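Here is the naming used below: chain letters follow the sequence lines, and residue numbers restart at 1 for every chain. Given the structure is predicted, the values throughout are model-derived calculations rather than measurements. Values below: all heavy atoms of this structure, side chains included; hydrogens, waters and symmetry mates excluded.
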Amino acid sequence: MASPLLNVSWDHCLLEPAPDRQAEAALRRETGSAPGWIRYFLSCPWLPRAAVRLSVYNKLLLHLDFPTLDLLELVVSRENACRYCYSMTRLQLRMLGMSEPRMQELEQRLARGDVEPKAAAAVQFARRMTRATPLVSSQDLEPMRAAGYSDAEIREIAFTVATIAFFNRIATIPALPPQSWEQLADRWFMQLLRPLVGRVMRGGRKRGQPVTFPTPPDGPFAHLLLQFQGSPIGPVLARALDEMWASPILSRHCKALMFAVIGYGLGCERSRAEVAIVLGQEGLTPEDVEQIISHFDGPGVNNMESALLAFARDTIWYEPIQLQRRARELRNQLSAAQFVEAVGVVSMANALCRLRAALPQQP
Amino acid sequence: MNAAYPIVMLGLAAAAALFIWQQRRLRELRARIEVSTAELQRLQLSCALLAPAGVVERLFTDGPESIAEHKVFTAMFTDLVGYTALAEKLDPQALAEVLNGYFQLVADSVTEHRGRIGTFLGDGILIFFGALEPNPWQCNDAAQAGLAIRAAVARYNTELEHSGLPRISIGVGIHRGPGLAGLIGSRDRREYTVVGPTLNMAARVQTLTREHGHDILLTESVREQLDPRFELAAMPAVPVKGITEPVVTYAVLGRGDASSEQGRERVVESSL
């Protein structure tokens, strides 16, 4: 029985892969990997860098075990109906030695909620945080505490869910082609190479080391970043955010408004307050911001920004095929770099607003 | 020794038969579980189309009684004007075709603008915006859906004329207010819907479309949340059955791209 998700309607890819050997080599030197899919995003340099650095398997986690991560990746990708990420996770598990019948059994158990109680608490939280109907709050963390997770593990679970939500959107919005992943596991050469690939993959799953921020974070989401003090997550996330704000492809004003729209749609007052500082620096009054996020129009908003804000709203809750149709309309109005940056910004905003709501404590 | 041999063989054969039977039984049970799980997955996916995912989850874990939430949402009521006359004029098959086309165009227009069909009531359709998931843009979505329905009806009328069928016209009423969202119905059959005076008001406003001569009307509670680029015409306050105060409504004329300040000024006094 194939997973129903593997039949979700999926558009043709909206982006052309554009190899850049220099950029790929630089990324490989820095992070140790430059996966093929980054070629779709190289026109907006911060996004592939952020995506590779934010991989939870790559020296980011100190506490959470990898089997729980795999489970969360399956659950969140399924909730977001991301056929690309779901297929990739399935393939990873197959390569790590899980047979197709065992894979299907796991999917069935997840559908029935039949997993051991500790994992069930994490799965339940991951589903709620992903759906955000309503947004999760600190109260939603209690069942995980009761199930035996430490606060540090809970922060890593919330970060993992947010990161997967980020990856799901950067794959779903431009409709990255999932077919190759879906078919790869059953190819004869992959079956032959499986032990080797599995060994390489296991070797690539590395735990992080405690680190401190090179400089204390400030600006939007600084409170959130400080909750990851001592964890490799904090500096990596801070760097991704800094590079996103500094990128000149879309204006800082536009990016902050896209964050504000997503915070408003999700009902996350904390996220709106985070970007209010940026918007104030950009010369917008709270009344201007209220008008703009309510109607995607207002003082200083041009037609392109208006379209981007309306699109940002579409990325909060969606059916993949509808979102991809709207993304195609937007793609026709923008350059490739602008479109890719827009995909990155809305994906980051959806991830961070959900994470901000899940981890509301002040430092 | 020789006498025990057949007994041992018989015991071994019985054990082997039992083992084979158990294996077969196990395979059957696994297959049944797989089929049940597949059905459950399909059911969960289907339920997700009818109610928010959180509601479906609570339905599975806590039962239907647990699901009831107070929400502020926007209700739209659409109705086919002159349905009775149309039903008398057309044979049942032609009527069903016309109705199906109308239902489909409303459903498409509404879905495109993030609305959910609540109930089909004869030729009327009850639609919700912001009832299933949070939606701070629900009033804009409802008004935009109203305009999309108007455009779709115009296109549909061209088709109907080509097929020698009578044209249709619609009335749309939109109102925003509180309601209780939950699983409502009998013990045997329930549906996820919203109840409360907001729905009645939307239905009443829809009936005013004939009186005011405009196909899309909305109330003050919608107008105050609406994008200023919508062009509205204020209608005179009129008494409505079941409502103590006369009801002020606004006809939706269209949506311009002018700046918001100019847009606000587009609320004009009705000549009616």
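Applying the salt bridge (Lys or Arg N to Asp or Glu O under 4.0 Å) test to A/Arg102 and every residue at least two apart in sequence or in another chain returns nothing. Remark: B/Phe129 pairs with no residue by the ring pair (Phe, Tyr, Trp, His ring centres under 6.0 Å) rule, at least two apart or across chains. Scanning for side-chain hydrogen bond (donor to acceptor under 3.5 Å, both in side chains) contacts around B/Ser109 gives an empty result, with sequence neighbours left out.
Applying a 4.5 Å heavy-atom cutoff, the residues of residues 137-154 of chain B that approach chain A are B/Trp137, B/Asn140, B/Asp141.
Within 6.0 Å of CD in A/Glu116 there are more than 12 heavy atoms belonging to other residues, nucleotides or ligands.
Residue with the most contacts toward chain B among A/Ser306, A/Gly267, A/Ser294: A/Ser294 (heavy-atom pairs, distance under 4.5 Å). Chosen from A/Ile316, A/Asn303, A/Leu266, A/Asp314, the residue pairing most often with chain B at heavy-atom distances under 4.5 Å is A/Asp314.
The two atoms that bring B/Glu133 and A/Trp317 nearest to each other are CG-CE3, 4.4 Å, heavy atoms only. Annotation for B/Pro134 and A/Gly265: closest pair CB-O, 4.4 Å, computed over non-hydrogen atoms.
B/Glu112 is listed as a side-chain neighbour of A/Arg325, based on a closest heavy-atom distance under 4.5 Å.
With a 4.5 angstrom heavy-atom cutoff, A/Ile293 touches chain B only via backbone atoms.
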